[in-house]
Amino acid sequence: MTESTTRLRTDARRNREQIIIAAREVFLEQGIHASLEEIARRAGVNIATLYRRFPERHTLVRHVALENMALIGEELDRATAEHPDAWGALAQLIRRMVDLQVGVFMPVLASGLEEDMRGEGGALKVRRNQLFERMEQLVRTAQQEGRLRQGVTPIDIMLGVIKLSRPLPVIGAELNELLIDQQLELFLGGLHAVALDASEPLRRQRLTLDDLDRYLKRAE
């Protein structure tokens, strides 16, 4: 293999990765019908390069969904390796999924991907089921430990993560980040079976109306 061939393959791999990253970001903000031109712009490639790698929107959405499922799997491995207790692992996993904004993996439920999801051997369906089984085991263990509320399911957790991952429009990145962090603490508190001392304050920065006005003004 020549040096020029190696460089071309490296460039192609980097372009693909950048397109996937940009697509995840844009789909999160605008939905899966967002402009492909905007995705190409954020990825730093021309639209022809995007179409060469992903000739149809369906193909790009599918790859974003698969990449996000892979990310969740990696974070699940990391969390269980770093925490001997299931609740600690679950709390870390939830925090990381929100940080990574993997809520955009919801395109697995979009109508454009129904065929892949219906097939027994569809990659999306296989990955989804594998993740669900692992999450189910972690949830069950945390409940057996008495740390996670009974009745909570992996679907409850994933839907919560999806809602927390999606930024609110207009208000700006800084305020979004702050609000997501605060809502995440409330979400984890609601899942935790261990009763908190009512006098213990939430771990958060208190927001005043003046603070909200200031953040909104910055976002204009």
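Judged purely by atom type and a 3.5 angstrom limit, Gln183 has no side-chain atom pairing as donor or acceptor with the backbone of Leu164. Checking side-chain atoms of Thr59 against main-chain N and O of Pro55 turns up no donor-acceptor pair under 3.5 Å. At distances below 3.5 Å, not a single donor-acceptor pair connects side-chain atoms of Thr49 with backbone N or O atoms of Val45. Side chain of Arg57 to main chain of Ala34: a donor-acceptor pair is present (N/O by atom type, distance under 3.5 Å, no hydrogens or angles).
In the model, Arg53 has no side-chain atom that pairs as donor or acceptor with a side-chain atom of Asn15 under 3.5 Å. Residues Gln137 and Thr141 have side chains that bring a donor and an acceptor to within less than 3.5 angstrom of each other.
The aromatic rings of Trp87 and His192 sit parallel to each other, their planes meeting at less than 30°, with 60° as the upper class boundary.
Taking a cutoff of 4.0 Å between a charged side-chain nitrogen and a carboxylate oxygen, Arg16 and Glu67 qualify as a salt bridge. Look at Arg41 and Glu37 and you find no salt bridge, because none of the NZ, NE, NH1 or NH2 atoms lies under 4.0 Å from a carboxylate O. No salt bridge links Arg149 with Asp156; every basic N to acidic carboxylate O contact stays at or beyond 4.0 Å.
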For this session: Show the numbers, then the answer: is there a side-chain contact (heavy atoms from CB on, under 4.5 Å) between Arg95 and Leu100?
Result: CA-CA 9 Å; Arg95 291 180 189 279; Leu100 294 168; over 6 Å; no

Exercise. Yes or no on side-chain contact (heavy atoms from CB on, under 4.5 Å) for Phe187 and Val98, after CA distance, side-chain angles and deciding distance?
Worked result: CA-CA 11 Å; Phe187 182 63; Val98 171; over 6 Å; no

Problem set entry | Evaluation steps, side-chain contact (heavy atoms from CB on, under 4.5 Å), between Gln130 and Met69 | CA-CA 10 Å; Gln130 289 172 343; Met69 288 186 187; over 6 Å; no

For this session: Could you check Glu38 against Arg42 for salt bridge (charged side-chain N to carboxylate O under 4.0 Å, His left out), going step by step and ending with a plain yes or no?
Result: CA-CA 6 Å; Glu38 172 63 12; Arg42 293 201 198 184; 2.6 Å; yes

Exercise. Taking it one step at a time, do Thr153 and Val139 satisfy side-chain contact (heavy atoms from CB on, under 4.5 Å)?
Worked result: CA-CA 7 Å; Thr153 70; Val139 164; 6.0 Å; no

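Considering every non-hydrogen atom in both Ile39 and Leu50, the closest pair reads CG2-CD1, 3.8 Å. Between Ile72 and Met97, the shortest heavy-atom distance links the atoms CG2-SD, 3.9 Å. The two residues Phe132 and Ile155 have their closest heavy-atom pair at CE1-CG1, 3.7 Å. The minimum heavy-atom distance between Arg127 and Leu66, with the atom names listed, is NH1-O, 3.4 Å. Closest of all the heavy-atom pairs between Gly73 and Arg134 is O-NH1, 3.8 Å. The two residues Ala89 and His83 have their closest heavy-atom pair at N-CB, 3.5 Å.
Looking at Leu148 and Leu90, their side chains come closer than 4.5 Å, going by heavy atoms from C-beta outward. The closest side-chain heavy-atom distance from Leu71 to Glu75 is not below 4.5 Å. Under the 4.5 Å side-chain criterion, counting only non-hydrogen atoms from C-beta, Phe54 is not in contact with Leu36. In this structure, Ile94 and Leu191 have side chains that are in contact, with non-hydrogen atoms separated by less than 4.5 Å.
Under a hydrophobic clustering in which Ile, Leu, Val, Met, Phe, Trp and Tyr are joined whenever their side-chain heavy atoms come within less than 4.5 Å, directly or via other members, Val61 and Ile21 fall into different clusters.
Within 6.0 Å of atom CD in Glu145, more than 12 heavy atoms from other residues, nucleotides or ligands are found, so the atom counts as buried in its surroundings.
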